[in-house]
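First the structure, in the form of structure tokens, and then the observations on it.
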Amino acid sequence: MVAIRTSTKGTWEAAGDSAGSMTIIRDGAELRACVQAWKSEGLRVALVPTMGAIHQGHISLVQAAHERSDRIIASLFVNPKQFGPSEDVETYPMDEVNDTRLLSGAGVHVVYAPSFKAMYPDGFVTTVSLSDITAPLCGEFRDGHFAGVTTVVAKLLLQAAPDVAVFGEKDYQQLLVIRRMVKDLDIPSEILGSPTVRENDGLAMSSRNAYLSAEERAIAPALYQTLLAVADQVASGTESIDNACRAARESLQAAGFGDIDYIDVRDAQSLGPAGPGRSARVFGAAWLGKARLIDNLPVPE
Ligand code: AMP
């Protein structure tokens, strides 16, 4: 049995002190004070940012954090700034009670769950945005998405000042964008990428999988299978990457997917065009009913 308590100002001193206890903090200044207290004891601190609807993919990030730190903060914040006007912020799945239970079971010491007002007080006008690496793939289809992500992640990194922050390779472009931002802004946190956790049939775990009907859920693994097929063709030296991607789009459409935002093969570091002798990844984003599914995998070398 794990004790979960909500911090009233000052009780954060106890966060993580007794085995199995977890504290919920809602205020950035309080989080900073908690982390300072940990650091003064020489403890290493990890941050795992999430938008909640916790699943095994998120838990794997917490497990990776355990290997690198003594204290773990997981944030729960559905960030409206990273959703477009026609996207699903209103319907995004939310269940703080269940999320905190799962995170505390995974050994998280603090859940940081600020309100919108706490994160973006009246008068907030700052945006952190990157060029170049945010332009292709999801950047082409989700206007303003990455600026919303980098703004909130910059704030989380400043508030939590973690030694390490863990992000999933499931959102590979996001991982590269955050690495770039941290480098460009001299933010002193290590950014750790963690492998994608999949269902048994290959579907990448995602909070948005909850939108899928039973029929769509049966079709959904086709995205992973299709990306695997493209990766194999590229690895075996296909004459045309474009043709491989075109065939992949056709096969997804035949499987029952709706709009296909992209199927693309890109350089794994720069997201520029893939070239010989450099590591490459296959990326895909496609709609299935109300869910926009994304996935990516490495081209075997
Ligand atoms: P989200 O709550 O969807 O914003 O995701 C929070 C973090 O969990 C991000 O770093 C994601 O890349 C990561 N994540 C989401 N799904 C998975 C997954 N299936 N495997 C590994 N990491 C994931």
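Whatever order the structure lists them in is the order used to number ligands and atoms, beginning at 1.
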**OP:** Using heavy-atom distances, let me know which of S194, G168, S206, S207 sits nearest atom 10 (O) of ligand 1.
**Re:** G168
Subject >> For atom 8 (O) of ligand 1, the option (of L61, I59, T50, T196) bearing the nearest heavy atom >> reply: L61
Under 4.0 Å to a heavy atom of [X] - the qualifying atoms of ligand 1, by number:
X: F167; value: 10 (O)
X: P195; value: 20 (N), 21 (C)
X: D171; value: 11 (C), 12 (O)
X: M205; value: 16 (N), 17 (C), 18 (C), 19 (N)

Original post:
Heavy-atom contacts under 4.0 Å between H58 and ligand 1: side chain, backbone, both, or neither?
Top reply: side chain
Subject >> For I59, the option from V108, V197, I54 that meets side chain to side chain contact (heavy atoms under 4.5 Å, CB included) >> reply: I54
Quick one: look up the protein heavy atom nearest [atom] and list residue, atom name and how far away it is.
atom: atom 23 (C) of ligand 1; result: K170 CB, 4.0 Å
atom: atom 4 (O) of ligand 1; result: M51 CG, 3.6 Å
atom: atom 20 (N) of ligand 1; result: V197 N, 2.9 Å

Subject >> Pi-cation contact, F283 with R266 (under 6.0 Å, within 45°) >> reply: no
Any nitrogen or oxygen of [X], main chain or side chain, under 3.5 Å from a nitrogen or oxygen of ligand 1?
X: P49; result: no
X: S60; result: no
X: A204; result: no

Evaluate whether atom [atom1] of [X] has more than 12 neighbouring non-hydrogen atoms of other residues, nucleotides or ligands under 6.0 angstrom away.
X: D132; atom1: CG; result: no
X: K290; atom1: NZ; result: no
X: D184; atom1: CG; result: yes

**OP:** With rounding to the nearest 0.5 Å, note down the distance linking OH in Y262 to CG in L137.
**Re:** 5.0 Å
Original post:
With no hydrogens and no angle check, do the side chains of E87 and Y92 hold a donor and an acceptor under 3.5 Å apart?
Top reply: no
**OP:** Under the side chain to side chain donor-acceptor pair (under 3.5 Å) rule, collect the residues that match up with Y211, sequence neighbours excluded.
**Re:** D88
Original post:
Is ligand 1 less than 4.0 angstrom away from at least one heavy atom of A53?
Top reply: no
Original post:
Within less than 4.0 angstrom of ligand 1, does H55 place any heavy atom?
Top reply: yes
**OP:** Might you work through the side chain to side chain contact (heavy atoms under 4.5 Å, CB included) test for I73 and W38, ending with a clear yes or no?
**Re:** CA-CA 12 Å; I73 303 158; W38 284 340; 3.8 Å; yes
Original post:
Is any side-chain N of the basic residue among R281 and D267 closer than 4.0 Å to the acidic one's carboxylate O?
Top reply: no
